[in-house]
Undergrad: 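Dropping a structure here in structure tokens format, bear with me for questions.
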Amino acid sequence: MTSPTAPAPSDAPFGEDLSADLALALRLADAADAAAMARFDAADLEVSTKADATHVTEADLATERALRSLLEAERPHDSVFGEEFGVSGESNRQWIIDPIDGTANYLKGIPMWTTLIALSIDGVPRVGVASQPAIGRRWWAAEGLGAWTNTPSGGSRRLAVSAVDTLDASSISFQSIEQWDMVGRVDDLLRVSRAVWRDRGYGDAWPYMLLAEGRLEFVAEFGVKEYDIAALVPIVREAGGRFTDIDGVDTISTRSSLATNGILHDDYLALLRTD
């Protein structure tokens with residue numbers, strides 16, 4: 001299941017005003033929060049197993065249905081690509097949705113799960129929202145409009161990646177050792193971990209947001225689909241970071257990701273290079 005949209009270079013000139021699309025993405029996140037929280041930590045939550053052996057809950061399905069319903073009303077000519085119901089439409093404007101990223105956490109009542117909403121235009125994620133309602137956090141961005149997060153007082157704060165410029169002072173998140181082992185790259189992970197100050201496996205979408213907030217310098221993983229990372233791309237980039245696949249290619253379709261503070265991106269790539 002993949003997006004049909006052919007990618008354009010992310011650095012190609014783009015002058016479209018995305019304010020209305022970002023406002024809609026935030027309203028979509030409100031609807032997703034309501035749908036997902038309605039069944040969070042429910043004792044009778046319905047859970048089933050998909051063909052790929054991953055779990056899906058009734059909340060995953062209900063949340064994506066709620067988002068699709070709102071998009072049908074607000075953007076009937078746009079395409080939608082969701083984890084649970086695939087692709088509908090053929091527009092170059094495509095909403096990419098992961099209704100609950102971190103379903104394993106959700107079904108166990110662990111509050112670290114995220115709804116991810118992106119708008120991709122000509123194959124490039126231009127708008128992104130990552131919402132974690134169980135802990136009251138949200139991050140959002142649109143190209144040219146900056147990256148932002150909510151504050152305890154109810155306001156918003158602009159995001160900026162860190163200015164750390166040496167590997168030995170950097171902090172990284174690698175998702176899980178299993179991911180790296182499955183693609184035969186544990187040695188690469190160890191090489192990176194030995195070169196940096198601190199390594200932790202925070203998991204799922206949250207470490208990318210920590211990077212955008214300036215708290216990490218590197219996040220990388222394998223086995224990711226477009227809907228796992230599309231919403232994260234504009235948030236990281238608008239915060240001043242860099243987002244590619246694990247080999248430095250500007251794409252979200254090769255099942256790997258590498259997000260950094262930008263300053264150290266090439267240094268990390270050099271450490272990860274296996275040839």
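Source: prediction; values computed, not measured.
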Undergrad: How about Glu178: does its CD atom have over 12 heavy atoms from other parts shown lying under 6.0 Å from it?
TA: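 Not more than 12 within 6.0 Å, no.
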Undergrad: From Leu258 CG over to Thr260 OG1, what is the distance, rounded to the nearest 0.5 angstrom?
TA: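 It comes to 6.0 Å.
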Undergrad: Between Thr115 (side chain) and Pro99 (backbone), is there a donor-acceptor pair under 3.5 Å?
TA: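 Yes, because the side chain of Thr115 sits within donor-acceptor range (under 3.5 Å) of the backbone of Pro99.
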Undergrad: List the steps, then state whether side-chain contact (heavy atoms from CB on, under 4.5 Å) holds for Met182 with Trp180.
TA: CA-CA 5 Å; Met182 289 179 66; Trp180 293 72; over 6 Å; no
Undergrad: Would you confirm whether Gln179, through its side chain, and Phe222, through its main-chain N or O, come within 3.5 Å as a donor-acceptor pair?
TA: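 It does hold such a pair.
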Undergrad: Output yes when a side-chain donor or acceptor of Ser120 lies under 3.5 Å from a complementary backbone atom of Gln94, and no otherwise.
TA: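 Checking the backbone N and O of Gln94 against the side chain of Ser120, no donor-acceptor pair under 3.5 Å is found.
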Undergrad: Taking the side chain as every heavy atom from C-beta outward, state whether Ile263 and Val164 have any pair of such atoms under 4.5 Å apart.
TA: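 No - every pair of side-chain heavy atoms lies 4.5 Å or more apart.
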Undergrad: Trp140 versus Ser156: any side-chain heavy-atom pair under 4.5 Å?
TA: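 With C-beta onward as the side chain, the pair touches.
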Undergrad: Would you mind reporting whether Val80 and Val87 have side-chain heavy atoms less than 4.5 Å apart?
TA: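 With C-beta onward as the side chain, the pair stays apart.
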Undergrad: Looking at Ile252, Leu232, Ile96, which hits side chain to side chain contact (heavy atoms under 4.5 Å, CB included) with Pro125?
TA: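 Single pass found, and it is Ile252.
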Undergrad: Is it true that Arg39 and Glu46 make a salt bridge, defined as a side-chain N closer than 4.0 Å to a carboxylate O?
TA: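 Here Arg39 does not pair with Glu46 in a salt bridge, since their nearest N and O are not under 4.0 Å apart.
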Undergrad: Does any N or O in the side chain of Arg200 come within less than 3.5 Å of the main-chain N or O of Ile172, such that one atom is a donor and the other an acceptor?
TA: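 No: the side chain of Arg200 does not pair with the backbone of Ile172.
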Undergrad: Give a yes or no on whether the backbone of Gly184 and the side-chain of Asp181 come within a donor-acceptor separation of less than 3.5 Å.
TA: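 Looks like no, no N/O pair under 3.5 Å.
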Undergrad: State plainly whether the residues Lys50 and Glu84 are in salt-bridge range, i.e. N to O under 4.0 Å.
TA: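 Answer for the salt bridge query: yes.
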Undergrad: When hydrophobic residues are tied together by side-chain contacts of less than 4.5 Å, even through go-betweens, does Leu145 share a cluster with Leu159?
TA: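 Shared cluster, no.
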Undergrad: Run the numbers on Ser253 and Glu226 for side-chain contact (heavy atoms from CB on, under 4.5 Å), then give the verdict.
TA: CA-CA 6 Å; Ser253 63; Glu226 289 93 335; 3.6 Å; yes
Undergrad: Under a 4.5 Å cut-off applied to non-hydrogen side-chain atoms, are Phe85 and Arg65 in contact?
TA: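 Side chain of Phe85 against side chain of Arg65, heavy atoms only: contact under 4.5 Å found.
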Undergrad: Count I, L, V, M, F, W, Y as connected when their side-chain heavy atoms are under 4.5 Å apart, and connections chain through other members. Are Leu211 and Met209 then in the same cluster?
TA: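 In one cluster with Leu211: Met209, yes.
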Undergrad: Can Leu119 be reached from Trp148 by stepping across I, L, V, M, F, W or Y side chains whose heavy atoms are under 4.5 Å apart?
TA: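 Yes, Trp148 connects to Leu119 through the hydrophobic network.
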Undergrad: Answer yes or no: is there a donor N or O on one side and an acceptor on the other, between the side chain of Tyr227 and the main chain of Gly86, under 3.5 Å?
TA: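 No, Tyr227 side chain to Gly86 backbone: no donor-acceptor pair under 3.5 Å.
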Undergrad: Should Arg273 and Asp247 count as an ion pair when the cut-off is N to O under 4.0 Å?
TA: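 Here Arg273 does not pair with Asp247 in a salt bridge, since their nearest N and O are not under 4.0 Å apart.
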Undergrad: Are any of the side-chain heavy atoms of Tyr208 and Phe243 separated by less than 4.5 Å?
TA: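 The answer is yes, as the side chains (C-beta and beyond) meet within the 4.5 Å cut-off.
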Undergrad: Any carboxylate oxygen within less than 4.0 angstrom of a Lys/Arg side-chain nitrogen, looking at Glu64 and Arg68?
TA: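 Yes.
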Undergrad: Considering all heavy atoms of both residues, which atom of Gly128 and which atom of Pro234 are nearest to each other, and what is their separation?
TA: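 Residues Gly128 and Pro234, closest heavy atoms: N-CG, 3.5 Å.
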Undergrad: If we only count heavy atoms from C-beta on, is the Thr49 to Val56 side-chain gap below 4.5 Å?
TA: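 In short, these two side chains do not touch, never coming nearer than 4.5 Å.
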Undergrad: Any ion pair linking Asp228 and Lys225 (charged N to carboxylate O, less than 4.0 Å)?
TA: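 Between Asp228 and Lys225 there is no salt bridge, as every charged N stays at least 4.0 Å from the carboxylate O atoms.
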Undergrad: Rounded to the nearest 0.5 Å, how far does OG of Ser91 lie from CG of Asp122?
TA: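 The CG atom of Asp122 sits 9.0 Å away from the OG atom of Ser91.
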Undergrad: Any chance you could lay out the side-chain contact (heavy atoms from CB on, under 4.5 Å) test for Arg75 and Trp95, step after step, and finish with the verdict?
TA: CA-CA 10 Å; Arg75 294 287 193 278; Trp95 295 88; 4.1 Å; yes
Undergrad: Quick one: do Asp30 and Arg138 make a salt bridge, cutoff under 4.0 Å?
TA: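 The answer is yes: the pair qualifies as a salt bridge.
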Undergrad: Rounded to the nearest 0.5 Å, how far apart are CG of Asp250 and CZ of Arg242?
TA: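 The CG atom of Asp250 sits 8.5 Å away from the CZ atom of Arg242.
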Undergrad: Would you name the heavy atoms of Ile235 and Ala141 that are closest together and state the gap between them?
TA: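 Nearest pair, atom of Ile235 first, then Ala141: CA-CB, 3.6 Å.
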Undergrad: Ignoring hydrogens and angles, state whether a donor on the side chain of Glu217 or Ser170 is under 3.5 Å from an acceptor on the partner side chain.
TA: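 The criterion, which ignores hydrogens and geometry beyond distance, is not satisfied for Ser170 and Glu217.
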Undergrad: Could you see if Ile246 belongs to whatever hydrophobic cluster contains Tyr268? Use Ile, Leu, Val, Met, Phe, Trp, Tyr and a side-chain cutoff under 4.5 Å.
TA: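 Ile246 clusters together with Tyr268.
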Undergrad: Would you kindly say whether Thr149 and Arg137 are connected by a side-chain donor-acceptor distance under 3.5 Å?
TA: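 Judged by distance alone, the side chains do pair up.
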Undergrad: Check the pair Trp206 / Ser173 against side-chain contact (heavy atoms from CB on, under 4.5 Å), numbers first and verdict last.
TA: CA-CA 10 Å; Trp206 190 41; Ser173 179; over 6 Å; no
Undergrad: Using modelled atom types and a 3.5 Å cut-off, is there a donor and acceptor pairing between side-chain atoms of Asp60 and backbone atoms of Thr57?
TA: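 Judged by distance alone, yes, a pair lies under 3.5 Å.
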Undergrad: I'd like to know if Arg255 and Asp245 make a salt bridge, using a cut-off of under 4.0 Å between side-chain N and carboxylate O.
TA: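 Between Asp245 and Arg255 there is no salt bridge, as every charged N stays at least 4.0 Å from the carboxylate O atoms.
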Undergrad: In terms of hydrophobic clusters joined by side-chain contacts under 4.5 Å, are Ile110 and Met37 together?
TA: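 Ile110 does not cluster with Met37.
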Undergrad: Could Asp21 and Arg126 be called an ion pair, given the rule that one side-chain N must be under 4.0 Å from one carboxylate O?
TA: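 Salt bridge absent between Asp21 and Arg126.
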Undergrad: On a heavy-atom basis, which atom in Thr151 and which in Arg157 lie closest, and how many Å separate them?
TA: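 Between these two residues, the closest heavy atoms are CG2-CB, 3.8 Å.
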Undergrad: Would you say that Ile100 contacts Thr103 through its side chain, given a criterion of any heavy-atom pair below 4.5 Å between the two side chains?
TA: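 Ile100 reaches Thr103 side chain to side chain.
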Undergrad: With the side chain counted from C-beta on, respond yes when Leu272 and Phe218 share a heavy-atom pair under 4.5 Å apart, and no when they do not.
TA: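 Yes. Closest side-chain heavy atoms under 4.5 Å.
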Undergrad: Going through the checks in order, is the side chain to side chain donor-acceptor pair (under 3.5 Å) test met by His265 and Thr244?
TA: CA-CA 9 Å; His265 201 88; Thr244 67; 3.0 Å; yes
Undergrad: In Å and rounded to the nearest 0.5 Å, what is the CD to CG distance from Gln132 to Asp204?
TA: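 Result: 9.0 Å between the selected atoms.
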Undergrad: Kindly compute the distance separating OG1 (Thr63) from CG (Leu28), expressed to the nearest 0.5 Å.
TA: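 Rounded to the nearest 0.5 Å, the OG1-CG separation comes to 12.0 Å.
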